[in-house]
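Reading through the structure tokens given below for one structure.
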There are 2 protein chains.
Amino acid sequence: MENCYWPILNHADEPPWLLPPTSAADDRAASASRSHSEAEKRRRDRINAQLSTLRKLIPKSEKMDKAALLGHVVDHVKEQRQRAKEVSKSSSMPSENDEVVVDQIQDGSEQIKASICCDDRPELFAEIGSALKSLEATIVEADITSLGGRIRANFVISAASSSAASHIKMALTRLLISSGSGYGVRSKRQRFFYPTPR
Amino acid sequence: MENCYWPILNHADEPPWLLPPTSAADDRAASASRSHSEAEKRRRDRINAQLSTLRKLIPKSEKMDKAALLGHVVDHVKEQRQRAKEVSKSSSMPSENDEVVVDQIQDGSEQIKASICCDDRPELFAEIGSALKSLEATIVEADITSLGGRIRANFVISAASSSAASHIKMALTRLLISSGSGYGVRSKRQRFFYPTPR
DNA sequence: AACGACACGTGATTC
DNA sequence: TGAATCACGTGTCGT
């Protein structure tokens, strides 16, 4: 800034006697200014390096300005969050509470999502199968996870009847009741899944 | 920049007659400079806005400088990528090929991961259960998914014996063979999971 | 010319 | 005090 006292046409290749007198204070100031701008450049480089690795991680992010890139990064993070949440929802660990959830995926769709969580027992799969068969429902997809004597089963079911959802819910609820409501008297027959030790 | 011809002590509150003469060219230049700096500020604001929303998404990112924040963002994205990859590995859809995979989670650990992929049939679970019971192995965790008459079952098994892993692999392989190698003659008994229509 | 995006150097602030 | 971070205005390049 002090150099602004001299005209801007003052190029570095001009004769030295045209340059301003140099004091010790000027030297210190110049040195400080230089290290300052160098440090600032290092900072910019660090930021831009991270920006560039982000560009490699995000698809189609070449040819995007910084703001757009960061915008897509936030979208990407939010999408991944949502995915993870839905995965842990649809294929979750069995909980402590018995429950049956049935709902139409879309209105007019014959796809139905059904879920049951209850104590494990060896006949359960067969019972569910025969129940759904009597309802003329087809199991398109099944995902069953068991832990500690409890079991959670998620189904994607295809059914022609429009009232199938409520029938399925009734049938599964009946299975759940016949499982849990033994006045504490459970079947003595061997479970397929054993309780986890410790 | 042209203003640099005047001393920097030229404050705004000084008498106007000390100010440089104003030409139409100067006016245009000043206006351009102003809109330029305003546009640049808008750009900075867009970038910083995204940075700020990223800060809300990343935990513990308050009090982090921009470079550190972006660094943690890349880590976060990579971690989520890895998580998603491992989830789709551990709980995968059944494949076309029969297979049995068994391996110790760690040396000296009694935790064993076992996986079987084959055609679905109603007695399969019971067979696996009795096979593992005869090996004194305990099913700690089970995850079974079925699609299109095929089934994939992933287990986490706890077994005391050090040779349990190979025994488990033999037992599961035997089940797989008794399932597929019927010279095309499959059990006529009703499957629990039906093949998906169309 | 005019606008948008970038890098640069600098003043201000904080520790 | 120096070191580190930020916002700002400006120079520059490409469209």
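Computed from heavy atoms alone, side chains included, the values below leave out hydrogens, waters and symmetry copies. So you know, we letter chains A, B, ... as the sequences are listed, proteins then strands, and number each from 1.
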Residues passing the side-chain contact (heavy atoms from CB on, under 4.5 Å) test with A30(A), sequence neighbours excluded, are none

Please examine the side chains of S161(B) and E136(B), heavy atoms only from C-beta on, and report whether any two atoms are closer than 4.5 Å. no

Starting the side chain at C-beta, find the nucleotide from dG9(D), dC6(D), dA7(C) nearest to R44(A). dA7(C)

R43(A) side-chain N/O to dC6(D) phosphate OP1/OP2 under 4.0 Å: yes

For S115(B) and N154(B), does a side-chain donor sit closer than 3.5 Å to a side-chain acceptor? yes

Side-chain atoms of H36(A) come closest, of dT5(D), dC8(C), dC8(D), to dT5(D)

Measure the shortest side-chain to side-chain distance between H72(A) and K60(A) over non-hydrogen atoms and say whether it is less than 4.5 angstrom. no

Give a yes or no on whether a donor-acceptor pair under 3.5 Å exists between the nucleobase atoms of dA7(D), that is its base, and the side chain of E40(B). no

Taking the side chain as C-beta and beyond, is there a heavy-atom pair between Q80(A) and R81(B) under 4.5 Å? yes

Without decimals, in angstroms, what is the distance between R34(B) CZ and dC3(C) P? 13 Å

So do L172(B) and V102(B) actually touch side chain to side chain, heavy atoms under 4.5 Å? yes

Using whole Å, what does the distance between atom C1' of nucleotide dC3(C) and atom CD of E38(B) come to? 14 Å

What nitrogen or oxygen pairs link the protein and nucleotides 13-15 of chain D at under 3.5 Å?
none

Beyond-backbone contact of V73(A) with I58(A), side-chain heavy atoms, under 4.5 angstrom: yes

Gap between atoms CZ and P, on R42(A) and dT5(D) respectively (whole Å): 10 Å

Please report, rounded to the nearest Å, how far the P atom of dA7(C) is from the CG atom of D45(A). 9 Å

Looking at S33(A), I'd like to know whether one of its side-chain N or O atoms comes within less than 4.0 Å of OP1 or OP2 on dT10(C). yes

One thing to verify: whether E38(A) and K41(A) come together as a salt bridge, which I'm taking to mean a side-chain N less than 4.0 angstrom from a carboxylate O. no

Without decimals, in angstroms, what is the distance between L69(B) CG and dT5(D) P? 13 Å

L54(B) vs H76(B) side-chain heavy atoms within contact, under 4.5 Å: no

Kindly state which residues belonging to residues 46-68 of chain B come within less than 4.0 angstrom of DNA chain C, counting heavy atoms of the residue only, listed by number. R46(B)

